[in-house]
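All values derive from a computational prediction rather than experimental measurement. Numbering of residues begins at 1 and proceeds along the displayed sequence. For ligands, and for the atoms within them, numbers begin at 1 and follow the listed sequence.
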Amino acid sequence: MSEKKKILVIGGAGYIGSHVVKALLANNFAVTVYDNMSTGQPCNLFTDANFVGGDIADEKKMHEVMAKGFDVVIHLAAKKAVGESMTNPQLYAKNNISGTINILNAMTDCGVKNIVFSSTAAVYGMPKYLPIDEQHPVEPMSFYGFTKAEIERVMDWYSKLKDFHYIALRYFNAVGYAADGSIRGKEKNPQNLLPIIMEVLSGKRKELQIFGNDYDTPDGTCIRDYIHVEDLATAHIAAVNELCARPVSHIINLSTGKGTSVLEMVHAAENVSGKKIPFKFAPRRSGDPAIVVADNSTARKILHWAPQYTDMEQIIQTTWNLEEK
Ligand code: UD1
C-alpha cells in the first residue's frame, strides 16, 4: 500500500479550513492542523488530524512544524474582514502578508514544495466584465484584497526562482455547512449575508438591512455567486492531487457561475425555515458591485471539478440545520 500523503492545513480550525480537513481525512490523507485558534474553534477540530497550536507570525514554530516534511501545505489562515482591513491595514499587512511570507520561507528552507493558497474574489475589485475569469484585471478595492493579490505575486516569483509550486484558489462567496452536521462551529460576529440572515431567524437580530435596492439588477438588490463550502473543500482535494501529479502553478476561480440576489437569498431562507424574515432597505454599502458572477471553467478543466450544490434552498438548509430551534 502506498504511504498516505502528508498535508499541513494552516488555519484548519476555521470555517473553510475545517471543511477542508474533513474532506482530506475522508480521502485518506495524513493531516496536521496548525492554528492559533484566534477565530478557529475547538469543536471544528477532528481527532483523526494532528493538531499544533501556533501562530504564522512565529517563525521558529513555523520552521519546526515545516521540518516534519509535507507533500502539500494548504494555507487558509487570514484576517478577512474587508472593513477592518481599511481601518487597521497594519494588522492585515502583518498577518496576511508577513505571516504568509513566513510560511513560504519555512517551506523553501525545509524543502516543502507545494502550496494551495486561499485567495479571494476581492482581488478583482469592481468587475469590468462578467462573468469574471482569471484574466480579469487584478485591481483590489480593499486592503484585504490587496494582501491576497500581493501574496499571489510573491508566490509567482518563488515559483520562478525556487523549486516551488502553488495553486491560488480565488473563492467567491462561501456559504453553507457540512450537510452531515459534523461541523458546528459558527463564526462569531458574522459579517456576511447568510449568517446575518440566520441571526435574524434565530431572533439574535431584529431585522436584516438590505444594502441598496436601486442597483441595475432584476429586483434592484445585489447579485453574488454563492458557493457551498463542501464544494470549496473538494476543490482543495483536487488542487492537492494536481500539485502532487504535476509541478505546475495555477490561479483558479472557485464559483458556481450562477448569481443570486439578496432578495432571492431572503426568500429562499424563508422557504427553508418556514419563517418570515423582517428586513428593511438601507443605503448602498460603499464599494459593493451590483453583480459578481465568475467563470469557473478553469477549475472544471484543470481540477476536473464541478460544484455539486446547485440549489440555493438546499445550500441554505445545511446552515439552517445548525440553528437551535
Ligand atoms: C464577501 C467579502 C469579500 C469576498 C467575497 C467573496 C466581506 C465584507 N466581503 O463579499 O471580501 O471577496 O465575499 O468571498 O466579507 N448584504 C446585505 N445586508 C447585510 C450583509 C450583506 O444586504 O447585512 C448584501 C451585500 O450588500 C452584498 C451581499 O449581501 O450584496 C453579500 O454580502 P457579503 O456576504 O458581505 O459578501 P460580499 O460583500 O459579496
Which pairs of donor and acceptor atoms, one on a side chain in residues 115-127, lie under 3.5 Å apart (sequence neighbours left out)?
residue, atom, partner, partner atom, Å
Ser118, OG, His75, O, 3.2
Ser118, OG, Tyr171, OH, 2.7
Ser119, OG, Glu152, OE2, 2.6
Thr120, OG1, Ala122, N, 2.9
Tyr124, OH, Arg170, NH1, 2.9
Tyr124, OH, Asn253, OD1, 2.6

Show me the donor-acceptor pairs within less than 3.5 Å that the side chains of residues 282-290 make with the rest of the protein, sequence neighbours left out.
residue, atom, partner, partner atom, Å
Arg284, NE, Asp214, OD1, 2.9
Arg284, NH2, Asp214, O, 3.0
Arg285, NE, Asp288, OD2, 3.2
Arg285, NH2, Asp288, OD1, 3.2

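Tyr215 belongs to no multi-residue hydrophobic cluster, having no ILVMFWY side-chain contact under 4.5 Å with any other such residue.
Aromatic ring centres of Tyr15 and Tyr177 lie closer together than 6.0 Å.
For the side chain to side chain donor-acceptor pair (under 3.5 Å) with His63, the qualifying choice from Asp109, Asp58, Asn105 is Asp109, the only one to do so.
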Can you check side chain to side chain contact (heavy atoms under 4.5 Å, CB included) on Met37 and Leu45, steps first, answer last? CA-CA 10 Å; Met37 302 308 279; Leu45 292 171; 4.1 Å; yes
Contact table ligand 1 N or O to protein N or O, d under 3.5 Å:
residue, atom, partner, partner atom, Å
ligand 1, 12 (O), Thr120, OG1, 2.7
ligand 1, 12 (O), Ala122, N, 3.2
ligand 1, 14 (O), Phe172, O, 2.8
ligand 1, 15 (O), Asn192, ND2, 3.1
ligand 1, 18 (N), Gln209, O, 2.7
ligand 1, 22 (O), Gln209, O, 3.4
ligand 1, 22 (O), Phe211, N, 2.9
ligand 1, 26 (O), Asp288, OD2, 2.6
ligand 1, 34 (O), Asn192, ND2, 3.1
ligand 1, 34 (O), Leu193, N, 2.8
ligand 1, 35 (O), Asn192, ND2, 3.4
ligand 1, 35 (O), Arg285, NH1, 3.3
ligand 1, 35 (O), Arg285, NH2, 3.1
ligand 1, 36 (O), Asn173, ND2, 3.1
ligand 1, 38 (O), Arg285, NH2, 2.6
ligand 1, 39 (O), Asn173, ND2, 2.9
ligand 1, 39 (O), Arg224, NE, 2.7

